[in-house]
Amino acid sequence: MRETRTRFAPSPTGYMHIGNLRTALYTYLIAKHDGGKFILRIEDTDQKRYVEDAVDVIYNTLNKVGLKHDEGPDVGGDYGPYVQSERRNIYREYAEKLVELDGAYYCFCSRERLDDLRQQAEGDRITFQYDGYCKSLSKEEVQEKLHAGEPHTIRQRIPKTGKTTFEDAVYGTITVENSELDEGVLLKTDGLPTYNFANVVDDNLMGITHVIRGSEYLSSAPKYNLIYGAFGWNIPTYVHLPLIMKEGGRKLSKREGDASFEDFYEKGYLPEAIINYIALLGWSPGTEQEFFTLDELVEQFDIKGLSKSPAVFDVNKLRWMNGEYIRKMDLEDFHESALPYYKKYISSADVDLSLLSKLLHTRVDALEDIGDHVDFIEALPQYDIDLFIHKRMKTTHGNALASLKKAYEVLADLEDWGDEAVHKVLFDTIKEMGIKNGQMLWPIRTALSGKPSSPGGGTDLLVLLGRKESLKRIKTGIKKLGIIK
RNA sequence: GGCCCCUUGGUCAAGUGGUUAAGACACCGCCCUUUCACGGCGGUAUCAGGGGUUCGAGUCCCCUAGGGGUCACCA
């Protein structure tokens, strides 16, 4: 039995969105589950769409998520080159061979003629298909034009009658009428192949056993089969993947600014969480397990678990899962990850960042959330005194003021500002005053944060902000409340 | 519009002729509580519709409807 070889073949046209990444993931998993090889091939046959740094984005992304390729432009391999623009001679050679095999023919039609044809078809409200004009050219005529250096393409020759059938591992048997198939361009005027041709030639030459790609290729797959057939090549196992849709119900696209891996990464989503989440978008292990490491996915992935219907990308669930990953981190690791965000939002305030991390650890789903949680630290926000009123805490303007005054009094004298000492003096005072915990702590929390919610209660914030800042803010609260008295 | 594919709750989904139709996110409620979050417990909510086949259908067949994909010298 042949070794399983799969390939991820992106075109370097910009960022990698979630759909591409998932295709890469499944492609990797299928190879690795079988102990096979995962190959990276760059499909840059369209110079017009080429984006300078896009190849690096691909390397970086795969690297970050841990999808290590066995062969590729940067790591080499026995089937190179792995960049299609470096293989142009190969395609020409095979395209000409296909002409000889009667699977293709030269076409000298101008763009103008094709545009006219297309317009006419549109006017007649029928699907455009090339009319086969150049098929009637004799061998001599073709030779003559070639010698004269006329610009030309090579088109696939497709029988007008009959049907073509192919097997897909996910979608089963699919059959189409040959008459539905357009005789598309295989080799462009610039000498480079179109995707339709390049993928077939390369997949064959590179010994690819499983062709994994989005289901948008489902309807053109029969054409590829015809090419394999004309060459007499082995047809690979096709694995077409259901598309990932955005909430409105359209497929994810970079154009419309949809979810790219980079975006999420920059917002503080963990690569492992992203991988875990997208692994489950269109695939189910059939068990109730929902948290997977990459290795576990490799172990458990099975084509049988792939779904046929499109899946909607739910940011909400990604957020939750990312939060779960964050909560599972060691506190020290979380602290390390959070540090850059602290730097961004807290520059002058002198606070214990380790303590802050402890408070934030269960409150953050994506690292970018940190910003909203710490915005009160550097400067007390403006707030309305009605914030002191909390029904369940049983607080009013009046008792909040009393609590704050008393708190100020006892705290001002406190030597030790440690967590335990602060806690003790406050709770002793609460006991002494005979009030509910919340009646003391809610006003403090509110005065210190100026926000309806904060990453910690009264004592937490006191310790976090330190004696000087805390007392200052309590005083501010007293002043605010004093006015209405 | 032609062709291809798809259709279990708002979302991800299990299910392969006989189940009280799992589980997760979200949502709601309760508990915990020093706000929020975390955590714990519970709840609302799904087989697109119509015909068959069958003792029996979410599961098989047909039709309808809806959705998606594709119709480039882009991939």
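Below, chain A is the first sequence line, B the second, and so on; all start at residue 1.
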### Message
Heavy atoms only, 4.0 Å cut-off, all strands: where does A:Ser220 land among base, sugar-phosphate and nothing?
### Response
nothing

#### Entry: A:Asp203 bridged to A:Arg7 by N-O distance under 4.0 Å
yes

### Query
Heavy atoms under 4.0 Å, any strand shown: does A:Arg125 hit a base, just sugar-phosphate, or nothing?
nothing

### Query
Using the P atom in both, what is the distance from B:rC71 to B:rG15, to the nearest Å?
33 Å

### Message
In whole Å, I'd like the distance from the NZ atom of A:Lys48 to the C1' atom of B:rA72.
### Response
10 Å

### Residues A:Lys328, A:Glu324; criterion salt bridge (Lys or Arg N to Asp or Glu O under 4.0 Å); working and verdict
CA-CA 6 Å; A:Lys328 274 187 231 168; A:Glu324 290 291 305; 5.6 Å; no

#### Entry: Sugar-phosphate, base or nothing in reach of A:Ser284, heavy atoms under 4.0 Å
sugar-phosphate

### Message
Using a heavy-atom cut-off of 4.0 Å across all strands, would you classify A:Gln289 as base, sugar-phosphate, or nothing?
### Response
nothing

### Query
When you compare B:rC32 with B:rG40, how far apart are their P atoms, in angstrom units rounded to a whole number?
16 Å

### Query
With a non-hydrogen cut-off below 4.0 angstrom, is A:Met393 in contact with a base, only sugar-phosphate, or nothing?
sugar-phosphate

### Message
Tell me if the side-chain of A:Lys317 makes a donor-acceptor pair with the base of B:rA24, cut-off 3.5 Å, by modelled atom types.
### Response
yes

### Query
For B:rG42, what is the paired nucleotide under Watson-Crick or G-U wobble rules, both distances under 3.5 Å?
B:rC28

### Task
Consider the side chain of A:Ile174, meaning its heavy atoms from C-beta on, and name the nucleotide among B:rU11, B:rC74, B:rC4 that approaches it most closely.
B:rC4

### Task
Report yes or no: is the cationic atom of A:Lys145 (NZ for Lys, CZ for Arg) closer than 6.0 Å to the six-membered ring centre of A:Phe108, at no more than 45° off its axis?
yes

#### Entry: Whole-Å P distance, B:rU46 and B:rG23
15 Å

### Task
Let me know, please, whether A:Tyr224 or A:Glu180 comes out on the 5' side of the other along RNA chain B by nearest nucleotide.
A:Glu180

### Closest to the A:His423 side chain, choosing from B:rU34, B:rU35, B:rC74
B:rU34

### Query
Out of B:rC6, B:rA75, B:rC36, which has the shortest distance to the side chain of A:Ser453?
B:rC36

### Query
Atom CG of A:Asp44 to atom C1' of B:rC73: distance rounded to whole Å?
16 Å

### Query
Which class fits the ring pair A:Phe334 and A:His361: parallel under 30°, tilted 30 to 60°, perpendicular over 60°?
parallel

#### Entry: Partner nucleotide, any strand, of B:rU20 [Watson-Crick/G-U, under 3.5 Å]
none

### Query
Looking only at N and O atoms, is any donor in the side chain of A:Ser309 or the base of B:rG68 less than 3.5 Å from an acceptor on the other one?
no

### Task
Could you state the atom-to-atom distance from CZ of A:Phe376 to P of B:rU35 in whole Å?
15 Å

### Query
When the P atoms of B:rA22 and B:rC55 are considered, how many whole Å apart are they?
28 Å

### Message
From the set B:rU11, B:rG68, B:rA22, return the single nucleotide nearest to any side-chain atom of A:Met245.
### Response
B:rG68

### Minimum-distance nucleotide to A:Leu441 side chain [options: B:rC73, B:rU34, B:rA75]
B:rU34

### Task
Give one of base, sugar-phosphate or nothing for A:Thr194, where a contact means two heavy atoms less than 4.0 Å apart.
sugar-phosphate

### Query
What's the CG-C1' distance between A:Asn199 and B:rA75, to the nearest Å?
10 Å

### Message
Of the options B:rA37, B:rC73, B:rC4, whose atoms approach the side-chain atoms of A:Arg363 most closely?
### Response
B:rA37

### Query
So, are A:Arg327 and A:Asp365 salt-bridged, with charged N and O less than 4.0 Å apart?
yes

### Task
Remember a base hit wins even if backbone is also touched, and classify A:Leu243 as base, sugar-phosphate or nothing at under 4.0 Å, heavy atoms.
sugar-phosphate

### Message
Which label fits A:Tyr383 and A:Phe388: parallel for a plane angle under 30°, tilted from 30 to 60°, or perpendicular past 60°?
### Response
perpendicular

### Summary
Note: A:Pro285 and A:Leu280 closest approach over all heavy atoms is CD-CD1, 4.2 Å

### Task
Using Watson-Crick or G-U wobble geometry with both distances below 3.5 Å, tell me the partner of B:rC73, or none.
none

### Task
Could you work out the separation of B:rC61 and B:rC3 based on their C1' atoms and round it to a whole Å?
23 Å

### Task
Rounded off to whole Å, could you give me the NZ-to-C1' distance for the A:Lys308 and B:rG68 pair?
15 Å

#### Entry: Pairwise 5' ranking along RNA chain B for A:Glu290 and A:Asn196, keeping only the more 5' one
A:Glu290

### Task
Choose from B:rA75, B:rA26, B:rC6 the nucleotide whose nearest atom is closest to any side-chain atom of A:Trp320.
B:rA26

### Task
Starting from P on B:rC32, measure out to CG on A:Asn437 and report it in whole angstrom.
13 Å

### Query
Base, sugar-phosphate alone, or nothing: which one does A:Gly456 contact when heavy atoms must sit under 4.0 Å apart?
base

### Among B:rG69, B:rU34, B:rC73, the nucleotide that comes nearest once only the side chain of A:Val185 is considered
B:rC73

### Task
With the side chain of A:Arg118 defined as its heavy atoms from C-beta on, choose the nearest nucleotide among B:rU34, B:rA72, B:rC25.
B:rA72

### Task
Mind checking A:Phe427 for me? I need base, sugar-phosphate or nothing, with any heavy atom below 4.0 Å counting as a touch.
base

### Task
Look at the side chain of A:Arg327 and decide which nucleotide, out of B:rG39, B:rC5, B:rU35, has an atom nearest to it.
B:rG39

### Query
Between B:rG67 atom P and A:Leu218 atom CG, what is the distance in whole Å?
20 Å

### Message
Has A:Thr395 got a side-chain atom pairing as donor or acceptor with A:Ala400's backbone, closer than 3.5 angstrom?
### Response
no

### Task
Whole angstrom is fine here: how far is it from OH in A:Tyr277 over to P in B:rA26?
12 Å

